[in-house]
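Beneath this line is the structure, given in structure tokens, with notes to follow.
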There are 2 protein chains.
Amino acid sequence: MYDCLVKHQLATQDYIKSIAKLSLKEGVDVVKLKWMALKLNVTNAAVSDMVKKLVKEGLVINHAYKGIELTDQGWFMGRRLIRHHRLWEVFLHTTLNVPWDEIHEEAEHLEHAASDALMNRIDEYLGFPTTDPHGNPIPNGDGTLSFNANEQSLNNVSDGEDYVVTRFESLDATYLQYLTHHGFAIGVSVKVVKRFDFDHSVLIDMAGGSLQLSYQISQQIFVVKSMD
Amino acid sequence: MYDCLVKHQLATQDYIKSIAKLSLKEGVDVVKLKWMALKLNVTNAAVSDMVKKLVKEGLVINHAYKGIELTDQGWFMGRRLIRHHRLWEVFLHTTLNVPWDEIHEEAEHLEHAASDALMNRIDEYLGFPTTDPHGNPIPNGDGTLSFNANEQSLNNVSDGEDYVVTRFESLDATYLQYLTHHGFAIGVSVKVVKRFDFDHSVLIDMAGGSLQLSYQISQQIFVVKSMD
DNA sequence: CTTTTAGTTTTAGCTTGCTTAAAATTTGCT
DNA sequence: AGCAAATTTTAAGCAAGCTAAAACTAAAAG
């Protein structure tokens, strides 16, 4: 019934999605195998091994010792999985009221299980949302993905100016709970009042009061200039 | 990330669910390995092999050469999967309007991907349905499963009396399309007007006209005496 | 009570995706 | 340029779940 196909496909899909996400996140085409190993929690050797198979299937290009890159076909598969994942997140959050910090984990499994036809139905049911509950853009059914070019990481913006939160990049449940607890959400206004060079942390001001964010956290919060 | 656990669990789950379904369908405790092999589309050897592992995990009892039986723990897992499957079917059908004949296939994949917590949310969202769109009962969250003791297969009922359709047992998409096309659905009134001994087919009467059903089909349609 | 037939189990071997260990290559630093 | 550290690749091997084929068991039929 599944001939190791399920497993195989699952592994393939997870690898492709990881390459796509790392590529988008780091803003580069070529992804280091080490990043993959860390992200998927396997050894470098396992990644190197799998890369051979992905190359054989025409999904990635291997620049020996330099890193890997998705082919057009690989990108198509990657965006499809990201689309499935983010649509499930919207659905779980808006329709079933699953808490913000639990949806990622649940969607991680559902993304592999649903057909394209079903995802299109869910897309329609949800009214064709453009972003997921973390603010990440949702690829279209045809495989296109648009970005907000004006977005900046919170640790890169100018001090003293007003910004609006647009996106939280892949933060785990613990961080999301922490941020929610302190009043953070998509659309909230924030301002950097002080930055500390020794650890690159920032002190920010928002409706709920002020808050100190580590470099790691502020880096994953994206904002645009306030229109006020 | 998944250590071959995903594959393992998927296989385990499919085997357990199949044993549970065959056991319920045939009304016996002990299931022949051959049935499993046919259902899962693998060789007898593969089933025999897997049975060893399931025994080791305490999920089944192997009556050597006679067949296998689920332990209490095995039954619990089996009913859980049946619950997931049927809840997804209701959801797909009532909320997303996925056609009757497509929901089984889609649910087959989703049932493995969702957590118990999510299924409970979906159960609540759907208003705690008691049967799926094919009329099959949905096990409770605590693992109990109730039957309609008055149900009879359409090829066992008395000629000339009025009955109401309550359940379609695991019919594939083609049959479901066929039946829908001829006006069959849960709650429809039917009457057996004639039965043919040579092939055990039956001629039935219903609102939309009369229809000849083969033994194989009539056997999978369940009804109760009409209350009119 | 033996033979036939149907179903079960064992054996040997395959593929996938993983591991560890060691070898090869690149990169960064002086 | 040259060496050390980091990364990538290869090699050998393991577990899961499958197949094919051979060996076995049970039960029905003569």
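Keep in mind that what you see is a predicted model, and the values were worked out from it rather than measured. Order of the sequence lines fixes the chain letters, A, B, ..., with proteins taken first and strands second; residue numbering starts at 1 for each chain.
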Q. Is the phosphate of dT19(C), meaning OP1 or OP2, less than 4.0 Å from a side-chain N or O of T43(A)?
A.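 Affirmative; the distance criterion is met.
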Q.
On the nucleotide dA16(D), are OP1 or OP2 found under 4.0 Å from the side-chain N or O atoms that Y15(B) carries?
A.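 Answer no for this pair, as no side-chain N or O of Y15(B) is under 4.0 Å from OP1 or OP2.
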**Q.** Salt bridge flag under 4.0 Å for residues K17(B) and E111(B)
**A.**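 Salt bridge between K17(B) and E111(B), a charged N being under 4.0 Å from a carboxylate O: yes.
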Atom [atom1] of [X] and atom [atom2] of [N]: how far apart are they, to the nearest Å?
X	N	atom1	atom2	result
I68(B)	dT8(C)	CD1	P	9 Å
L38(B)	dT8(C)	CG	C1'	14 Å
D49(B)	dA16(D)	CG	P	10 Å
L54(B)	dT9(C)	CG	P	13 Å
K53(B)	dA15(D)	NZ	P	11 Å
I16(A)	dG17(C)	CD1	C1'	15 Å

Q. Looking at residues at least two apart in the chain, or sitting in another chain, which of them share a side-chain contact (heavy atoms from CB on, under 4.5 Å) with T43(B)?
A.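 Partners of T43(B) under the side-chain contact (heavy atoms from CB on, under 4.5 Å) test: A45(B), A46(B).
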Q. What residues form a side-chain contact (heavy atoms from CB on, under 4.5 Å) with L145(B), not counting sequence neighbours?
A.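 So L145(B) forms a side-chain contact (heavy atoms from CB on, under 4.5 Å) with L24(B), R79(B), P137(B), P139(B), F147(B).
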**Q.** Under the salt bridge (charged side-chain N to carboxylate O under 4.0 Å, His left out) test, residues paired with E124(B) that sit two or more places apart
**A.**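 Checked E124(B) against salt bridge (charged side-chain N to carboxylate O under 4.0 Å, His left out); zero matches.
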Q.
Once ring pair (Phe, Tyr, Trp, His ring centres under 6.0 Å) is applied, do any residues pair with H104(A), and if so which ones, sequence neighbours excluded?
A.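 In terms of ring pair (Phe, Tyr, Trp, His ring centres under 6.0 Å), with neighbours along the sequence ignored, H104(A) is linked to H85(A).
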Q. If you look only at pairs with a residue in residues 129-140 of chain A, which of them pass as a side chain to side chain donor-acceptor pair (under 3.5 Å), with sequence neighbours excluded?
A.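 Only E89(A)-H134(A), N140(A)-T144(A) qualify under side chain to side chain donor-acceptor pair (under 3.5 Å).
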Hey, what are the protein-to-nucleotides 1-9 of chain D N/O distances that come in under 3.5 Å?
residue, atom, partner, partner atom, Å
dT7(D), OP2, K34(A), NZ, 3.1
dT8(D), OP1, L33(A), N, 3.1
dT8(D), OP2, K34(A), N, 2.8
dT8(D), O3', Y65(A), N, 3.4
dT9(D), OP1, N62(A), ND2, 3.3
dT9(D), OP1, Y65(A), N, 3.2
dT9(D), OP2, S48(A), OG, 3.4

